[in-house]
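Each remark here refers to the structure printed beneath this line.
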Amino acid sequence: MSKIHEIPTGCTMHKRDELNVEDASLMQAALNVALKAYAPYSRFKVGAALLLENGEIVSASNQENAAYPSGLCAERVALFFAGSTYPGVAVKKIAISIDSEEKDLTLAYAPCGSCRQVIAETEKRQNNPMQILFEGPHNQVICCEGIDPLLPFAFRLPE
Ligand code: THU
């Protein structure tokens, strides 16, 4: 608990074993898919599981490449797959989980800046925020109501 003193307004922190069944199983789906990540370079395996408004769960892992920037984060693999396979179906929740021997259990593992931007675009596209769940310190889960607390002043083109 020592390294995180504040979480952004709009986010809450929960003990993992006190999550509701839906959130607990989405976090578990994210961990399950993280185990299948292709991350031979960083050995930092990430999984993202989306709950769609039609009840489908879409999950994906990070996919790395010898040309490092050609790889892609788990969140964006999942969101782009959902956007192309289920266009028009809103994403209600995204859960993110990590599998790495180097995981420091005192830290939180929030989505990176580029993934936040893609979450912001998805929210704009569906005209609704999504819940964002990720690992907090000491076996806790942080839940944010939409991307705004994680990405204030997101880039948007004029309409
Ligand atoms: N990674 C993700 O999959 N999601 C994030 O939000 C941050 C980082 C991946 C990218 C790379 O494959 C590995 O984690 C180490 O940065």
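Just so it is clear, the structure is predicted and the values come from calculations on it, not from any experiment.
Residues Ala30 and Ala49 share a closest heavy-atom pair of N-CB, 3.7 Å. Minimum interatomic distance between Ile94 and Met130 (heavy atoms only, all atoms of both residues): CG2-SD, 3.7 Å. Considering every non-hydrogen atom in both Asn65 and Gly71, the closest pair reads CB-N, 3.8 Å.
In this structure, Val141 is not a member of the same hydrophobic cluster as Leu31, with clusters built from ILVMFWY side-chain heavy atoms closer than 4.5 Å. Linking ILVMFWY residues whenever their side-chain heavy atoms come closer than 4.5 Å, directly or via other members, leaves Leu107 and Leu133 in distinct clusters. Transitive grouping of hydrophobic side chains (ILVMFWY, heavy atoms separated by less than 4.5 Å) keeps Leu35 and Ile98 in distinct clusters. Linking ILVMFWY side-chain heavy atoms closer than 4.5 Å, directly or via other members, places Val91 and Leu151 in a single hydrophobic cluster.
Partners of Pro40 by side-chain contact (heavy atoms from CB on, under 4.5 Å), not counting sequence neighbours, listed by chain and number: Tyr38, Glu64. For Glu135, the salt bridge (Lys or Arg N to Asp or Glu O under 4.0 Å) partners are Arg16, Lys103, not counting sequence neighbours. Partners of Val33 under the side-chain contact (heavy atoms from CB on, under 4.5 Å) rule, at least two apart in sequence or in another chain, are Ser59, Ser61. By the salt bridge (Lys or Arg N to Asp or Glu O under 4.0 Å) test, Asp99 pairs with no residue at all, sequence neighbours left out. The side-chain contact (heavy atoms from CB on, under 4.5 Å) check on Asn54 picks up Leu52, Glu56, Tyr86, Val89, with sequence neighbours excluded. Shown here are the ring-ring contact (aromatic ring centres under 6.0 Å, His included) partners of Tyr41, two or more places apart in sequence or in another chain: Tyr68. Listed by chain and residue number, nothing satisfies the salt bridge (Lys or Arg N to Asp or Glu O under 4.0 Å) test with Lys92 (two or more places apart in sequence, or in another chain). In this structure Cys11 satisfies the disulfide bond (SG atoms under 2.5 Å apart) test together with Cys144, sequence neighbours excluded.
Contact of the Asp104 side chain with the Tyr109 side chain is registered, since non-hydrogen atoms from C-beta on lie closer than 4.5 Å. Residues Val58 and Thr85 form no side-chain contact, since every pair of their non-hydrogen atoms from C-beta on lies 4.5 Å or further apart. Residues Leu50 and Phe81 are not in side-chain contact: their nearest non-hydrogen atoms beyond the backbone lie 4.5 Å or more apart. Two residues are said to be in side-chain contact when any heavy atoms from C-beta on lie closer than 4.5 Å; Phe155 and Gln117 meet this criterion. Counting heavy atoms from C-beta outward, Pro129 and Glu145 have side chains that stay 4.5 Å or more apart.
Applying the salt bridge (charged side-chain N to carboxylate O under 4.0 Å, His left out) test to pairs two or more places apart or on separate chains, none has a residue in residues 67-90. Residue pairs that meet the disulfide (SG to SG under 2.5 Å) test with at least one member in residues 58-133, sequence neighbours left out, do not exist here. Each ring-ring contact (aromatic ring centres under 6.0 Å, His included) pair with one or both residues in residues 111-136, not counting sequence neighbours, would appear here, but there are none. Sorted by first and then second residue, the pairs that involve residues 23-49 and meet salt bridge (charged side-chain N to carboxylate O under 4.0 Å, His left out), not counting sequence neighbours, are Asp23-Lys93.
For the atom pair CG of Asp148 and CD1 of Ile119, the computed distance is 11.5 Å after rounding to the nearest 0.5 Å. Taken to the nearest 0.5 Å, the CD atom of Gln140 stands 10.0 Å off from the CG atom of Leu19. The CD atom of Glu123 lies 6.0 Å from the CD1 atom of Ile147; values are rounded to the nearest 0.5 Å. The CG atom of Asn32 lies 10.5 Å from the CD1 atom of Ile57; values are rounded to the nearest 0.5 Å. Here the CG-CD1 distance, from Leu26 to Ile96, works out to 10.0 Å after rounding to the nearest 0.5 Å. Here the CZ-CD1 distance, from Arg116 to Ile132, works out to 8.5 Å after rounding to the nearest 0.5 Å.
Within the 3.5 Å criterion, the main-chain N or O of Phe44 finds a donor-acceptor partner in the side chain of Asn62. A donor-acceptor pair is defined here as one N or O able to donate and one able to accept, closer than 3.5 Å; no such pair exists between the side chain of Gln131 and the backbone of Cys143.
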